[in-house]
Structure formats: C-alpha cells, structure tokens
J.: 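First the structure, then my questions, so here it is.
Letters A, B, ... mirror the listed sequences (proteins, then strands); counts begin at 1.
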There are 2 protein chains.
Amino acid sequence: MNIGDISKATGLPAKTIRYYEEIGLIRPARGANGYRHFSETDLHNLTFLGRARSLGFSIEECRALLALYTDKDRASADVKEIARTHLAQIDAKILELQAMRATLADLMAACAGDHRPDCPILKGLAGEP
Amino acid sequence: MNIGDISKATGLPAKTIRYYEEIGLIRPARGANGYRHFSETDLHNLTFLGRARSLGFSIEECRALLALYTDKDRASADVKEIARTHLAQIDAKILELQAMRATLADLMAACAGDHRPDCPILKGLAGEP
DNA sequence: GATAGGGCCTCCAGTCGCTGGAAGGTCAAG
DNA sequence: CTTGACCTTCCAGCGACTGGAGGCCCTATC
C-alpha cells in the first residue's frame, strides 16, 4: 500500500503519516522508486495511533502505548498507569473549562448586549466589582 | 513602573508582557535607558488581558475585546457576540473531552491492570471488538 | 573607584502536532 | 508523448509563549 491508500484506510492525512515516520513512530518500507510501502502491521499501528491520538494521548504517550502494544509480554498495569495519568489530565482540563464557562456565562447573563456602551463583561474582565 | 513591577502587579511573566508588546497588544513608553515604562493605563490593560486570557479567549479575541474596552462608544452587543462565540467553543471542547473521558474510562474499567499482558485498553485502541 | 548582584535589553531557538506550499520525480491512461 | 494524479523532500508557519545567550544599566558595598 502506498501512502494515499493507507491515508484513506486510516483516515490520517498523508502529511501526518510522513510526520509519524519522521519522529520514529512508524518505519514503513521503501520501494525502489523511493515510495513508502505500508504493510498490514503498519496499518494496524497507524490505526492504533489514530485512535490513541483521538483520545487525546500525546505523541510521547502514544509512543509508549505503541511499544506496549507491540510487546506481547507487557503487563496491563503499565498500560493502565498511562491511561490513569491521562484520565486525570482530561479531568483537570474539563474542570478548568467548566470554571471558565461558569465565569463567562455569569458575565454574559449580566450583559444587555444592546447598542449601549455599558458592558458588565468588560467590567468583569477589567476587575471592577 | 518597570517590567518587573508590572509583572508582579499583573501576575504575568515579563516574557509574556514583552511578547504582548511585540504583537502590538500594548505600547508601553520607553525611558532614556531603553527600559519599558508602564503607566496606570498599561496596568489596567494588562490586567484586562490576563483575565481575558485566563477565560480562554485567544490573543486575537483579546485584541478585539481590548479595543472595545478602550472604546467608550462601543455597543455591549459587540462584546457579547465575541463572548457568545467563545462560550460555544468552550462548550464544544468540554463535550469533546467528556466523550474522550467516557471512552477512556470504559476501556480502563475493563482492564485488570495487573502483571498479565492481556489488556482491553490496547485491544480497544487497536480496534478489536 | 572597582566590583558584585540584580534587573533590564534584544535576538534566536524551541515547544507541540501538525499543515501548507514549492520544486521536482514517478506512474498509468489515453 | 502528454496529461494528471500520485509520490518525494525540504522549508516555513501556526498559537502563545518560554528558555537561554550575550550584553547594558543601576544600585550598593567595600
């Protein structure tokens, strides 16, 4: 499979796949013409990476997960530990966004949103009582 | 006030303040020695920027908000429109993170997390049923 | 007056995870 | 033989900073 085929199969842009090769996440073979040639294993690995990325794992976490995925002697505890850390980060992010949301919604509720210049949103951002 | 003083007063790193000047968000005066000199207005503007950023507004949104903050003839509707757009983005992000969280939590719940190599998290990422 | 320290300056490079584009080689169809 | 779709590499840029090098300025102490 060429990069275009694997791109369609995985849903990942060709640019992204080249980038993953550049940073050493995958090592596709090369044909005589210089084209990348992707095996079934490459397909599995890229699918894995795509799903892990879509769950918000960083590239380095993906690298670790992929190594565990490839290592048939891994302990599932190692995987779960990475997942636990990531889950905590997601939760922290959600809380942060919810706090932002609440503050912003409060300010917006106080704002008439009409032609007049008086604006509680700006006042709130400026730190006025 | 020098940059160190304003940094303490606003809680923004000096590097960030210099960056805000570089991209034209603020225009502090300069002393004969080349040092930036910050007025009360600069202090207000930087405080405003700090709060807006902490609510997740992008730099360009902050630029627009700051212009409205400075314009005493603004319409509060203009401010509210920016806030509404941003609120929608926050909500979208929260939903995305909650979906990630749910998927990840499901996978983790199925994983024993012990010394054995069998791992539903990896299976899920690989796309196994 | 010399020196030590802290603060300030600019400029360059790096972060993360791609993404866009230019310039050029390859391949299959008509 | 040409067209057009594909592939290649390399360089640059996104957002919003952040770190560090190298060097000037200011105050305090000896």
Side-chain angles (χ1 to χ4, degrees), chain A residues 1-39 42 45-46 48-66 85-86 89-90 93 96-97 100, chain B residues 1-39 42 45-46 48-66 82 85-86 89-90 92-93 96-97 100:
Chain A
M1 285 176 113
N2 281 348
I3 201 166
D5 308 317
I6 207 92
S7 173
K8 267 172 215 135
T10 59
L12 296 170
K15 280 271 187 188
T16 299
I17 296 168
R18 290 194 194 98
Y19 173 68
Y20 286 173
E21 183 190 22
E22 188 188 322
I23 64 174
L25 278 185
I26 54 167
R27 286 175 209 282
R30 294 285 179 140
N33 54 9
Y35 286 19
R36 288 168 184 84
H37 179 74
F38 295 86
S39 67
D42 292 323
N45 287 352
L46 282 168
F48 181 93
L49 287 169
R51 287 179 202 248
R53 290 289 299 131
S54 78
L55 285 184
F57 286 102
S58 74
I59 288 286
E60 288 316 308
E61 284 167 337
C62 286
R63 195 189 299 277
L65 288 171
L66 191 58
T85 302
H86 181 51
Q89 284 169 1
I90 290 177
K93 193 83 193 172
E96 188 190 341
L97 285 170
M100 284 181 188
Chain B
M1 286 173 112
N2 281 347
I3 201 166
D5 308 316
I6 207 93
S7 171
K8 268 172 213 133
T10 59
L12 296 171
K15 279 269 184 189
T16 299
I17 296 168
R18 290 194 195 99
Y19 172 68
Y20 286 173
E21 183 191 20
E22 189 188 322
I23 62 173
L25 277 185
I26 54 167
R27 286 173 209 279
R30 293 285 180 139
N33 56 9
Y35 284 21
R36 289 168 183 83
H37 179 73
F38 296 86
S39 67
D42 291 326
N45 287 352
L46 282 168
F48 181 94
L49 286 170
R51 287 179 204 248
R53 290 287 302 129
S54 78
L55 285 184
F57 286 102
S58 73
I59 288 286
E60 289 314 308
E61 285 167 337
C62 287
R63 195 189 298 276
L65 288 171
L66 191 56
I82 296 176
T85 303
H86 181 51
Q89 282 171 2
I90 291 177
K93 192 84 192 173
E96 187 191 341
L97 285 170
M100 283 181 187

J.: To the nearest 10°, let me know how far the axis at one end of the helix from C:dG1-D:dC30 to C:dG30-D:dC1 is tilted from the axis at the other, five pairs an end.
T.: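 What I find for the helix from C:dG1-D:dC30 to C:dG30-D:dC1 is an axis angle of 30°.
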J.: Nearest whole angstrom, please: distance from the C1' of C:dC8 to the CD1 of B:Ile3.
T.: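 To the nearest whole Å, that distance equals 8 Å.
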J.: Could you state the NE2-P distance from B:His37 to C:dG7, rounded to the nearest angstrom?
T.: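 Atom NE2 in B:His37 sits about 19 Å away from atom P in C:dG7.
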J.: How far apart are the closest heavy atoms of A:Cys62 and A:Arg53, and which atoms are they?
T.: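 Looks like SG-CD, 3.7 Å.
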J.: Give me the atom names and distance for the closest heavy-atom approach of A:Ile6 to A:Phe38.
T.: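 A:Ile6 and A:Phe38 have their closest heavy atoms at CD1-CB, 3.5 Å.
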J.: Listed in order of residue number, which residues of residues 6-15 of chain A have a non-hydrogen atom at under 4.0 Å from DNA chain D?
T.: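 Under 4.0 Å from DNA chain D: A:Lys15.
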J.: Tell me if a side-chain donor or acceptor on A:His86 pairs with a main-chain N or O of A:Glu61 at a distance below 3.5 Å.
T.: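 Side chain of A:His86 to backbone of A:Glu61, a donor-acceptor pair under 3.5 Å: no, none is there.
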J.: If you take all heavy atoms of B:Met1 and B:Ala9, which pair is closest and at what distance?
T.: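 Residues B:Met1 and B:Ala9, closest heavy atoms: CE-CB, 4.1 Å.
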J.: Counting only non-hydrogen atoms, which of residues 17-35 of chain A are less than 4.0 Å from DNA chain D?
T.: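 Those residues whose heavy atoms fall under 4.0 Å from DNA chain D, taken from residues 17-35 of chain A in numerical order, are A:Arg18, A:Arg30, A:Gly34, A:Tyr35.
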J.: Sort and list the pairs that fulfil salt bridge (charged side-chain N to carboxylate O under 4.0 Å, His left out) and have at least one residue in residues 2-15 of chain A, not counting sequence neighbours.
T.: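 Every candidate salt bridge (charged side-chain N to carboxylate O under 4.0 Å, His left out) pair involving residues 2-15 of chain A fails, so no pair, neighbours aside, qualifies.
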J.: Hey, is the side chain of B:Arg36 poking within less than 4.0 Å of OP1 or OP2 on C:dT10, counting only N and O atoms?
T.: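 Yes, B:Arg36 has a side-chain N/O under 4.0 Å of OP1/OP2 on C:dT10.
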J.: Check the distance between C:dG17's C1' and A:Leu46's CG and give it to me in whole angstrom.
T.: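 Going from A:Leu46 (CG) to C:dG17 (C1'), I get 15 Å.
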J.: Nearest 0.5 Å please: distance from the OH atom of A:Tyr20 over to the CD1 atom of A:Ile59.
T.: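 If we round to the nearest 0.5 Å, A:Tyr20:OH and A:Ile59:CD1 are 4.0 Å apart.
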J.: Just how far is it from atom CE of A:Met100 to atom CZ of B:Phe57, taken to the nearest 0.5 Å?
T.: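 It comes to 10.0 Å.
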J.: For A:Ile3, is there any backbone N or O sitting under 3.5 Å from a side-chain donor or acceptor partner on A:Arg18?
T.: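 Not at all, since once roles are kept as given, no pair shorter than 3.5 Å links the two residues.
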J.: Please check this pair: side chain of A:Asn45 against backbone of A:Asp42, looking for a donor-acceptor N/O pair closer than 3.5 Å.
T.: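 Such a contact is absent between A:Asn45 side chain and A:Asp42 backbone.
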J.: Sub-3.5 Å donor-acceptor pair from the side chain of B:Asn2 to the main-chain atoms of B:Gly4, do we have one?
T.: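 The answer is no, because no donor-acceptor pair under 3.5 Å joins these two groups.
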J.: Taking heavy atoms of chain B and a 4.0 Å limit, find me the 5'-most and 3'-most nucleotide of DNA chain D within that range.
T.: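 Range of nucleotides touched by chain B: D:dA16 to D:dC26.
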J.: Do you know which two heavy atoms are closest between B:Leu12 and B:Ile17, and how far apart they sit?
T.: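 Minimum heavy-atom contact is O-CD1, 3.8 Å.
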J.: Per the salt bridge (charged side-chain N to carboxylate O under 4.0 Å, His left out) rule, what does the pair list look like for residues 22-36 of chain B, sequence neighbours excluded?
T.: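 Every pair satisfying salt bridge (charged side-chain N to carboxylate O under 4.0 Å, His left out) with a residue in residues 22-36 of chain B: B:Glu21-B:Arg30, B:Glu21-B:Arg36.
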J.: Look up atom CD1 in B:Ile26 and atom CZ in B:Phe48, then write down how far apart they are to the nearest 0.5 Å.
T.: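 Rounded to the nearest 0.5 Å, the CD1-CZ separation comes out at 14.0 Å.
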